[in-house]
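Accompanying notes for the structure given below.
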Protein chains: 2
Amino acid sequence: METAWDDQLRTAGLRVTRPRLSVLGVLAEHPHVDADTIATAARAVHPSISPQAVYGVLKALVGAGMARRIEPAGGTARYELRVGDNHHHLVCRGCGVIADVDCVVGAAPCLAPSDAAGFAVDEAEVVFWGLCADCQVARRQHSNATSTATGEGVRS
Amino acid sequence: METAWDDQLRTAGLRVTRPRLSVLGVLAEHPHVDADTIATAARAVHPSISPQAVYGVLKALVGAGMARRIEPAGGTARYELRVGDNHHHLVCRGCGVIADVDCVVGAAPCLAPSDAAGFAVDEAEVVFWGLCADCQVARRQHSNATSTATGEGVRS
DNA sequence: GTCCTTAAGTTGACTCACTCAAGACAACAC
DNA sequence: GTGTTGTCTTGAGTGAGTCAACTTAAGGAC
């Protein structure tokens, strides 16, 4: 399937291999997944793929500009195929789920620091931290259940 | 010295111990350092402090809101004492050095995503990536030295 | 000042994400 | 079909950080 990947890989100067096609397929279906999840999902297509092969494929894809690596604080590296549009991310403090946000400004670096301190800035990475809709509901229910019983409440 | 730390620790409900005072002293002198560097520097004051104690102290300080943990992608966790003013960071792609940038807007979250996708956003973390002044000079010199010989040049 | 409770530190083993190296295999130019 | 070489597999290793059990010492009660 997905012969588009073939072309993209070849254009990037990379050989077309089953592990690479599997990983690309997984990333297309599940954006913002970590290497381990990619390896597990890719094994559904290509059972013999090794974890190290996944790391190698991801490194190659990122190096070729076909994928982007994101590393929210406190979590493992995630990968996505959406590159080149300088978008940002919403990260849930509760469950760690990540959502894309289009950049309001446009091209990178979309923001300029007030004082660049001699730095040549080429990218402004923006991560919005908060609670996703599901976790807000869960937090409210938990808070209702415990606040009446114990008075326990806020958790940073 | 630094009896201010005593008060701050007690106010935060934490006991005043030598490892904690050592770590606070190191953080005050060297902002944006990693746990290992803190442990090494703290040993100058309190030679018997264990690496695990440093992790414990840092966790306690972050939990009490006296320190902030920052994790630039591709690096280890760094810690700083500057909390509560919602400032941001400049990170050098070359040497990894980190500099503070005052937030132009003020209180957190200083930015609002264009589409919050149901998230309750409480913080916008902005990291400016680029090259510090030193690395710009080094990169230029290296580029001059090699471009004439090999034509090598750009590196994302 | 002394005693006691318990938070905090020490020690040592462990987990997890990720990297490195060597040999086997397979994509693709010819 | 053949040869080259980039890629994958296998296995060992690294480093940041965590966990658990025991020991130590901070600080309140007396």
Side-chain angles (χ1 to χ4, degrees), chain A residues 2-3 5-26 32-43 45-64 66-67 69-79 96, chain B residues 2-3 5-26 32-43 45-64 66-67 69-79 96:
Chain A
E2 302 290 7
T3 58
W5 300 136
D6 293 38
D7 295 339
Q8 275 195 261
L9 284 168
R10 267 184 265 265
T11 307
L14 297 173
R15 287 189 181 171
V16 179
T17 65
R18 283 184 61 196
R20 288 179 177 172
L21 293 176
S22 311
V23 168
L24 283 167
V26 172
H32 313 131
V33 285
D34 59 80
D36 190 54
T37 309
I38 293 171
T40 306
R43 252 174 236 120
V45 184
H46 181 168
S48 76
I49 193 172
S50 66
Q52 285 76 355
V54 173
Y55 282 112
V57 168
L58 290 170
K59 202 170 189 177
L61 293 178
V62 172
M66 288 181 64
R69 178 191 170 108
I70 49 179
E71 280 181 74
T76 62
R78 315 289 191 98
Y79 297 85
Chain B
E2 300 292 10
T3 59
W5 299 138
D6 292 38
D7 296 340
Q8 274 195 263
L9 285 168
R10 266 185 266 267
T11 306
L14 297 173
R15 289 189 181 172
V16 179
T17 65
R18 284 183 61 195
R20 286 178 178 173
L21 294 176
S22 311
V23 168
L24 283 167
V26 172
H32 313 129
V33 285
D34 58 81
D36 190 54
T37 308
I38 293 171
T40 307
R43 253 175 234 121
V45 183
H46 181 166
S48 76
I49 193 170
S50 66
Q52 286 75 358
V54 173
Y55 281 113
V57 168
L58 290 170
K59 203 170 187 176
L61 293 178
V62 171
M66 289 181 63
R69 178 189 169 111
I70 50 179
E71 276 187 72
T76 61
R78 314 290 190 98
Y79 297 85

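To find a chain, count down the sequence lines: A is the first, B the second, and so on, and within it residues start at 1. Bear in mind the structure is a predicted one, so any value in this text is a computation, not a measurement.
- Remark: A:R10 pairs with A:D6, A:V16 by the side-chain contact (heavy atoms from CB on, under 4.5 Å) rule, at least two apart or across chains.
- The phosphate of D:dA26 (OP1 or OP2) has no side-chain N or O of B:R10 nearer than 4.0 angstrom.
- Looking at B:R78, its side chain never comes within 3.5 Å of a backbone N or O of B:E71 through a donor-acceptor pair.
- By the 4.5 Å heavy-atom criterion applied to side chains, A:V62 and A:Y79 are counted as neighbours.
- Scanning all heavy atoms of the two residues, the minimum distance from A:V45 to A:P47 falls at O-CD, 3.7 Å.
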Open item on the list: Show, in sequence, the C-alpha distance, side-chain angles and deciding distance for A:R20 and A:V23, and conclude whether the side chain to side chain contact (heavy atoms under 4.5 Å, CB included) test is met.
Closed with: CA-CA 5 Å; A:R20 288 179 177 172; A:V23 168; 5.9 Å; no
TODO: Kindly indicate, with the supporting measurements, whether the criterion side chain to side chain contact (heavy atoms under 4.5 Å, CB included) is fulfilled by B:M66 and B:L24.
DONE: CA-CA 9 Å; B:M66 289 181 63; B:L24 283 167; 4.0 Å; yes
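- When rounded to the nearest whole Å, the span between CD1 of A:I38 and P of D:dC8 equals 14 Å.
- Within the 3.5 Å criterion, the main-chain N or O of B:V33 finds no donor-acceptor partner in the side chain of B:T37.
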TODO: Run the numbers on B:L9 and B:L21 for side chain to side chain contact (heavy atoms under 4.5 Å, CB included), then give the verdict.
DONE: CA-CA 9 Å; B:L9 285 168; B:L21 294 176; 4.1 Å; yes
Task: Contact letters for nucleotides 2-9 of chain C, in which S counts primed atoms plus P, OP1 and OP2 and B counts the base, heavy atoms under 4.0 Å - done: ----BBSS
- [ ] Could you run through nucleotides 13-22 of chain D and give me one letter per nucleotide, 5' to 3': B if any protein heavy atom sits under 4.0 Å from the base, S if only the sugar-phosphate is that close, - if neither?
- [x] ---SBBB---
